[in-house]
Number of protein chains: 2
Amino acid sequence: MPRSIFLPLLRELSSAYQAFEVYSSAHVRSLSLTPAQFDIVATLGNTPGMSPKELGEKTLITKGTLTGVIDRLAAKKIVRRVASPDDGRCQIIRLTSQGEKLFARIFPLHVAHMERVFAGFSPGDLEGITASLRLLRTAFVAAHVSTKP
Amino acid sequence: MPRSIFLPLLRELSSAYQAFEVYSSAHVRSLSLTPAQFDIVATLGNTPGMSPKELGEKTLITKGTLTGVIDRLAAKKIVRRVASPDDGRCQIIRLTSQGEKLFARIFPLHVAHMERVFAGFSPGDLEGITASLRLLRTAFVAAHVSTKP
DNA sequence: TTACTATAGTTCTAGTTAGAACTAAATTGC
DNA sequence: GCAATTTAGTTCTAACTAGAACTATAGTAA
């Protein structure tokens, strides 16, 4: 078992994610949103809205955190909460018209900002890296599940 | 420019990191440390100590955050602050003897816990994934630097 | 030397984070 | 149709997070 070889992998995973965060969040902050707020706006854009549960699954924000993030976006009039007609426990979070305008303005800017990172990569590179990441995620999820039951 | 292809990569990067965090931090918390505290203890183990600046560079924790993390570890008598003899601005953070015992006990446990994730991976797999991550990090850092000056 | 500049850490603020306890509404089982 | 369980969201707590402003010390340059 070459134990020495997976510790550098974990360090690189943390470093790569950290570098992504630094690069991405500096831009998002320059647009007057926090990274979590941007994720919510980006996820709600071009949709009829969705429940906090679904939003949390897509953005990987846990429900306790999500309440606060939505509170702050609602205070800025970027989203609003609508009661679900079907289920009294559910809400639907929607962009307001102001939120839609914000999304239309900043989402393309941020995509362009991120695209610059990959200027030197071929499609094959990108697919290879994506496959590596998928493999990693799958391994962590499988390992986590196997500790639970 | 196939713009569609790097967005899935970014999603996979976030998901993979998130899956790592969930798996790793559940274990760390069961050892009565937070992930940030564990990183500090793991970094200080088997060293004569180091300055907060160096600790922050190794653990990717920014200096403002680090003050609080070290405060809490010091309150638990796991580390202590020693004034640097050379530089009046510097400190040296060291594990206490209690901290060294803690490190000796939990670090191997955590390494073993993480090793399980990679049971199904060949050394070649691990090296390939590590290389992908290194490529990613480099690209983000380069892009970030090019926005600064 | 004396002013200027850079560096190390702390403090402060606003926000995110996870996890656990809680409330209310729905679903299931009997 | 009622009790037991599950699910959706909120609230609470402790901690982390980045970034900016601040203090103190060190290095540099005239």
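By convention in this document, chain letters (A, B, ...) are assigned in the order of the sequence lines, proteins followed by strands, and residues within each chain are numbered from 1. The basis for the numbers below is simple: all heavy atoms, side chains too, and nothing from hydrogens, waters or symmetry mates.
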d([atom1], [X]; [atom2], [N]) in whole Å:
X: B:I70; N: C:dT10; atom1: CD1; atom2: P; value: 7 Å
X: B:E21; N: D:dT17; atom1: CD; atom2: C1'; value: 13 Å
X: A:D71; N: C:dG15; atom1: CG; atom2: P; value: 11 Å
X: B:I93; N: C:dA8; atom1: CD1; atom2: P; value: 14 Å
X: A:Y17; N: D:dC16; atom1: OH; atom2: P; value: 18 Å
X: B:F20; N: C:dT17; atom1: CZ; atom2: C1'; value: 16 Å
X: B:H144; N: D:dA18; atom1: NE2; atom2: C1'; value: 12 Å
X: B:I92; N: C:dA8; atom1: CD1; atom2: P; value: 14 Å

At under 4.0 Å, does any side-chain N or O of [X] touch on OP1 or OP2 of [N]?
X: B:Q18; N: C:dT17; value: no
X: B:R89; N: D:dG27; value: no
X: A:R81; N: D:dT10; value: yes
X: B:T34; N: D:dC16; value: yes
X: B:Q91; N: C:dT7; value: no
X: B:T62; N: D:dT17; value: no
X: A:T65; N: C:dT17; value: no

Main-chain N/O of B:F20 paired with B:S24 side-chain donor or acceptor, under 3.5 Å: no

Heavy-atom donor-acceptor pair, B:T62 side chain to B:G64 backbone, under 3.5 Å: no

Most 5' of B:D87 and A:D87 on DNA chain D, judged by nearest nucleotide: A:D87

First encountered from the 5' end of DNA chain D, between A:A26 and B:P35: B:P35

More than 12 heavy atoms of other groups within 6.0 Å of B:N46 CG: no

Parallel, tilted or perpendicular, as decided by the 30° and 60° cut-offs, for the rings of B:Y23 and A:F140: tilted

Nearest-nucleotide 5' precedence on DNA chain C, A:L60 against A:G88: A:L60

Heavy atoms from C-beta onward define the side chain here; which of [options] lies closest to that of [X]?
X: B:R72; options: C:dG15, D:dC16, C:dA8; answer: D:dC16
X: A:K63; options: D:dC16, D:dA8, C:dG9; answer: D:dA8
X: B:R29; options: C:dA8, D:dT10, C:dG19; answer: C:dG19

Close side-chain approach of B:L44 and B:R94, heavy atoms under 4.5 Å: no

Between B:K76 and B:Q98: side-chain donor-acceptor atoms closer than 3.5 Å: no

Sugar-phosphate only, base, or nothing, as touched by A:K53 at under 4.0 Å among non-hydrogen atoms: sugar-phosphate

Sugar-phosphate only, base, or nothing, as touched by B:S51 at under 4.0 Å among non-hydrogen atoms: sugar-phosphate

